[in-house]
Amino acid sequence: MRSILKMVSAAALALTLAGGALATPIDTYEFQNPDNQKRAITLASELRCPQCQNQNLVDSNSPVARDLRLEVYKMVDDGKTDDEIVDFMTTRYGEFVLYKPKFEYKTLVLWGGPVALFLIGLTIVFMFVRRQRGNVTKEVALSEEDQRQLDELLKRNQQK
C-alpha cells in the first residue's frame with residue numbers, strides 16, 4: 001500500500017514539474033488599459049520572431065522576441081497604430097516578420113504559387129483521366145481459327 005502511495009506521489013510531483021517546463025513566458029509590462037493589452041498581444045502574435053523563425057513573438061522564449069514584445073507593448077501604449085508598428089518592424093527586420101505578407105509585386109510568387117501548383121495538378125489529373133477513358137477495352141471479334149483454338153483449349157482444360 002505504501003509503495004503505491006509513493007508511486008502516486010512521485011507521479012504527481014513529476015507532472016507538476018513537467019507542467020512548469022511547458023509554461024509560456026509571462027511579461028510583467030503594465031498597460032494603460034485592458035484594450036491596449038489585448039491589442040498588443042494580438043499584434044505580437046501576428047509578428048514572427050526573427051530568431052526562432054517559426055514562432056510568433058508571444059510564443060517565443062528567445063531574448064530577441066522578449067525585447068520585441070516589450071517594444072510592441074510600449075508602442076501600443078504610446079498610441080501608435082497597428083500599421084505604424086508593423087512598418088517599424090518590417091523596416092527593421094524585413095518582410096520576414098510578417099506571417100501574412102503584403103500582396104505586392106515581389107510577393108506575387110508567394111501568393112500565386114500555390115494557386116498555380118493547384119491548377120497544374122488539376123490539369124495533369126484531367127489529362128490522365130481523359131487518357132484513361134480513351135484506353136477503354138473494345139470488344140474484339142475472334143477469327144474462326146482463334147475461336148477453334150480457344151474451344152480446343154477449353155475442352156482440354158475440362159478433361160483434366
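Remember, it's a predicted structure, so these values are computed and weren't measured experimentally.
- The shortest side-chain heavy-atom distance between Val72 and Met75 does not fall under the 4.5 Å cut-off.
- To the nearest 0.5 Å, atom CG of residue Asp87 and atom CE of residue Met89 are 11.5 Å apart.
- Atom CD1 of Ile124 is separated from atom CG of Leu122 by 10.0 Å, given to the nearest 0.5 angstrom.
- For Arg39, the side-chain hydrogen bond (donor to acceptor under 3.5 Å, both in side chains) criterion is met by Asp82, not counting sequence neighbours.
- The OG1 atom of Thr123 sits 6.5 Å away from atom CG of Leu119, with the distance rounded to the nearest 0.5 Å.
- Judged by distance alone, with hydrogens and angles left aside, the side-chain atoms of Arg48 form no donor-acceptor pair with the main-chain N or O of Asn56 at under 3.5 Å.
- In this structure, Asn36 and Tyr73 have side chains that are not in contact, with every pair of non-hydrogen atoms separated by 4.5 Å or more.
- Taking a 4.5 Å side-chain heavy-atom cut-off between Ile, Leu, Val, Met, Phe, Trp and Tyr, the cluster of Leu117 contains only that residue.
- In this structure Ser62 satisfies the side-chain contact (heavy atoms from CB on, under 4.5 Å) test together with Cys49, Gln51, Cys52, Ser60, Val64, Ala65, sequence neighbours excluded.
- Between Val58 and Leu47, the closest side-chain pair of non-hydrogen atoms is not below 4.5 Å.
- The line from CG of Leu57 to CZ of Arg66 is 12.5 Å long, rounded to the nearest 0.5 Å.
- Hydrophobic clustering places Val115 together with Phe118 (ILVMFWY residues linked when any side-chain heavy atoms are closer than 4.5 Å, directly or through intermediates).
- Here the CG-CZ distance, from Leu43 to Arg69, works out to 13.0 Å after rounding to the nearest 0.5 Å.
- By the salt bridge (Lys or Arg N to Asp or Glu O under 4.0 Å) test, Glu145 is found to be paired with Arg148, residues two or more places apart in sequence or in another chain being considered.
- With sequence neighbours left out, Gln147 forms a side-chain hydrogen bond (donor to acceptor under 3.5 Å, both in side chains) with Asp151.
- Note on residues 70-81: no pairs pass salt bridge (Lys or Arg N to Asp or Glu O under 4.0 Å), not counting sequence neighbours.
- The distance from atom CD of Gln149 to atom OG of Ser143, rounded to the nearest 0.5 Å, is 7.5 Å.
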